[in-house]
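Chain A is the first sequence line, chain B the second, and so forth, proteins listed ahead of strands; every chain is numbered from 1.
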Number of protein chains: 2
Amino acid sequence: MSYTYEYPRPSLTVDCVVFGLDDDDLKVLLIQRGVEPFEGRWALPGGFVKMDESLEAAARRELEEESGLRPGHLEQLFTFGEPDRDPRGRVITVAYFALVKLSAHSLRAATDAREAAWFSVWDTPKLAFDHADILNTALQRLKGKVRYQPIGFELLPPKFTLTQLQRLYEVVLERELDKRNFRKKILAMDLLEELDEVEQDVSHRAARLYRFDHKKYRQLEKAGFNFEL
Amino acid sequence: MSYTYEYPRPSLTVDCVVFGLDDDDLKVLLIQRGVEPFEGRWALPGGFVKMDESLEAAARRELEEESGLRPGHLEQLFTFGEPDRDPRGRVITVAYFALVKLSAHSLRAATDAREAAWFSVWDTPKLAFDHADILNTALQRLKGKVRYQPIGFELLPPKFTLTQLQRLYEVVLERELDKRNFRKKILAMDLLEELDEVEQDVSHRAARLYRFDHKKYRQLEKAGFNFEL
DNA sequence: GACTCGGGTGTGCTCCGGACACTATGCCGG
DNA sequence: CCGGCATAGTGTCCGGAGCACACCCGAGTC
């Protein structure tokens with residue numbers, strides 16, 4: 001089966017930049033390419049868009065196929081379409097930006113035998129295509145967005161301590177925050193549910209656990225409230 | 001000449017949402033379609049991407065061809081790719097968002113005889129395809145972006161009064177601002193060059209003219225300064 | 001020369017953000 | 001059992017920014 005058109009057409013792919021948080025390290029999911037071009041190189045997970053699926057559905061599908069992950073947050077990032085970005089010819093890629101709770105998932109072997117692994121975003125191997133640009137763009141987006149939308153919670157386990165939350169912001173924003181001011185501010189928003197539980201298995205005083213209240217956030221959002229840290 | 005591929009491929013277009021400011025009204029550029037589908041309907045300017053041009057270049061080219069405009073600001077907005085968004089088949093469109101100084105340009109007749117015209121963004125005719133969604137997305141982007149990046153100046157003539165500038169923000173943000181606070185804030189940024197000129201042909205006291213100092217802005221930007229209104 | 005229409009200016013109060021250091025609690029090891 | 005250690009958890013003060021507010025100015029018109 002083949003397809004013929006009057007004018008040439010580019011290929012269309014999606015690529016996903018998936019972030020996860022591992023204690024004090026921000027990780028990105030990469031897969032090792034099993035075919036040319038860039039065979040053996042690490043790259044962002046992604047692939048071709050099917051003719052009857054939406055772009056976002058394609059991103060979810062590729063991510064599921066290549067890593068087994070189902071992200072808690074997924075949004076379109078940017079479309080990369082420089083004519084020479086792929087040596088095989090004109091390929092446009094719609095990049096997506098995703099967050100997963102690293103604690104909750106273990107990586108499944110990719111279906112097509114390529115390896116998938118988490119890398120620190122500050123120390124990635126050389127990437128295929130223009131994927132370094134894409135990763136960079138995603139990092140900027142994360143940095144910008146985390147401050148005025150409560151998406152950071154998608155990186156943490158459902159129950160977390162305030163210190164974990166603060167660490168998350170410190171890692172993403174690349175600067176230290178004052179503990180008291182941070183707690184004051186985040187608690188004042190009244191978006192965290194204080195649980196009757198504390199963390200387990202620590203060799204010091206255990207911290208209280210909190211949960212993010214999605215329902216309350218949606219209510220406040222409707223009422224014109226703006227999350228801002 | 002025809003082109004044959006092993007797998008089906010979508011078509012790729014760009015569409016531009018071009019905003020201009022006409023006194024107290026925010027305008028968007030639309031063109032009237034001369035061919036099916038949606039013949040006679042108004043739509044965003046745009047067209048197919050050539051195989052050897054970048055996405056942004058395609059946006060600029062289409063805009064120039066269909067209206068003669070060269071925008072002062074152009075950035076990628078979002079990529080729309082729902083499978084059914086175009087009745088002719090699968091068409092992905094990369095939407096761009098542009099600002100022009102309406103004062104400086106007159107609309108050239110479109111080369112392909114379709115009509116181009118400015119419409120108030122609050123009162124547009126029914127648009128072709130999903131262009132109403134695209135316009136909406138662009139409006140949100142403009143609203144969000146104008147507050148923390150000095151792109152609003154691209155909508156004003158090179159020399160403008162503070163009242164004009166304030167009106168611009170009021171129109172875009174859809175709320176009134178306090179005159180004194182606005183002036184205090186914008187002047188405190190030290191980004192406006194006060195000229196030795198005043199506006200002409202007004203039947204009341206003439207207001208002083210200012211110019212935006214791009215060079216100074218780039219300096220401050222490098223030094224970590226954040227525009228914010 | 002009086003009127004009209006926007007232009008242009010300063011102050012005080014309030015609230016928010018940021019700097020800052022000590023006590024509390026639980027575990028561990030000696 | 002007691003002391004040490006590691007992190008949890010908490011309140012105050014100060015300065016600057018945001019906001020509300022009202023009057024005189026200058027130019028053109030009639």
Side-chain angles (χ1 to χ4, degrees), chain A residues 21 23-25 146-148 150 156-157 159-171 173-212 220 224-229, chain B residues 21-25 146-148 150 156-157 159-171 173-211 220 224-229:
Chain A
L21 191 73
D23 270 329
D24 289 4
D25 202 9
V146 88
R147 296 193 51 201
Y148 63 92
L156 293 176
K159 299 173 182 180
F160 51 85
T161 68
L162 292 183
T163 301
Q164 280 180 294
L165 184 60
Q166 183 179 341
R167 285 269 155 70
L168 154 65
Y169 278 92
E170 289 179 337
V171 169
L173 299 177
E174 290 183 280
R175 66 192 174 90
E176 299 205 333
L177 301 171
D178 179 85
K179 182 160 68 161
R180 276 169 294 187
N181 293 334
F182 180 83
R183 283 165 185 249
K184 214 191 309 174
K185 216 159 157 183
I186 199 87
L187 289 175
M189 290 184 201
D190 201 28
L191 284 171
L192 298 186
E193 190 184 347
E194 181 174 334
L195 302 176
D196 282 329
E197 293 176 66
V198 292
E199 56 181 346
Q200 300 296 319
D201 301 319
V202 286
S203 69
H204 53 76
R205 176 175 173 185
R208 180 167 297 271
L209 292 171
Y210 291 81
R211 193 188 312 168
F212 179 69
L220 288 173
F225 166 84
N226 272 320
F227 180 88
E228 192 176 338
L229 195 123
Chain B
L21 192 72
D22 175 17
D23 269 329
D24 288 6
D25 201 10
V146 88
R147 297 194 50 200
Y148 62 92
L156 292 176
K159 300 172 182 179
F160 51 85
T161 69
L162 292 183
T163 301
Q164 280 180 293
L165 185 60
Q166 183 179 342
R167 285 271 155 71
L168 155 64
Y169 278 92
E170 289 179 337
V171 169
L173 299 176
E174 289 183 280
R175 65 192 176 91
E176 299 204 336
L177 302 172
D178 179 85
K179 181 161 69 161
R180 274 169 295 191
N181 293 332
F182 181 82
R183 284 164 185 250
K184 214 189 313 175
K185 215 160 158 183
I186 199 87
L187 290 175
M189 288 183 201
D190 202 27
L191 283 171
L192 297 187
E193 190 183 347
E194 183 175 332
L195 302 176
D196 281 331
E197 292 176 68
V198 294
E199 56 180 346
Q200 301 295 321
D201 301 320
V202 287
S203 68
H204 52 76
R205 177 177 172 182
R208 180 166 297 272
L209 292 171
Y210 290 81
R211 192 188 314 169
L220 288 174
F225 166 84
N226 271 320
F227 181 88
E228 193 176 336
L229 195 125

- Could you go through the side-chain contact (heavy atoms from CB on, under 4.5 Å) check for A:V146 and A:Y169 one step at a time? CA-CA 8 Å; A:V146 88; A:Y169 278 92; 3.9 Å; yes
- Task: Assess whether side-chain contact (heavy atoms from CB on, under 4.5 Å) is satisfied between A:L192 and A:L165, documenting all intermediate values.
- Result: CA-CA 11 Å; A:L192 298 186; A:L165 184 60; 4.3 Å; yes
- Task: Show your reasoning for whether side-chain contact (heavy atoms from CB on, under 4.5 Å) applies to A:T161 and A:L209.
- Result: CA-CA 5 Å; A:T161 68; A:L209 292 171; 3.8 Å; yes
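Remark: P of C:dG7 and CG of B:L209 are 12 Å apart, rounded to the nearest angstrom. For the pair B:R167 CZ and C:dG7 P, the interatomic distance rounds to 7 Å; values are reported in whole Å.
The side-chain hydrogen bond (donor to acceptor under 3.5 Å, both in side chains) check on A:Q166 picks up A:E170, with sequence neighbours excluded. Under the rule for a ring pair (Phe, Tyr, Trp, His ring centres under 6.0 Å), B:F227 has no partner lying at least two apart in sequence or in another chain. In this structure, B:Y210 has no ring pair (Phe, Tyr, Trp, His ring centres under 6.0 Å) partners at least two apart in sequence or on a different chain.
In the region residues 194-203 of chain A, proximity to DNA chain C at under 4.0 angstrom, judged on heavy atoms, holds for A:V202, A:S203. Heavy-atom distances under 4.0 Å link DNA chain D to B:D178, B:R180, B:N181, B:K184, B:K185 of residues 175-186 of chain B, given in residue order.
In this structure, B:H204 and B:Y210 both approach DNA chain C, and ranking their closest nucleotides by distance from the 5' end singles out B:H204.
Residue pairs meeting the side chain to side chain donor-acceptor pair (under 3.5 Å) criterion with at least one partner in residues 192-201 of chain A, sequence neighbours excluded, are A:K159-A:E197, A:E194-A:R208. Contacts classified as salt bridge (Lys or Arg N to Asp or Glu O under 4.0 Å) and involving residues 176-192 of chain A (residues at least two apart or in different chains) are given here: A:D190-A:K216.
Of the inter-residue distances, the one linking A:L168 atom CG with A:D24 atom CG reads 10.5 Å to the nearest 0.5 angstrom. Note: A:M189 CE to A:F212 CZ = 9.5 Å, rounded to the nearest 0.5 Å.
At a threshold of 4.0 angstrom between heavy atoms, the contacts of A:T161 with the nucleic acid are absent.
Note that the first and last nucleotides of DNA chain D, 5' to 3', having any atom under 4.0 angstrom from a heavy atom of chain A are D:dA6 to D:dT12.
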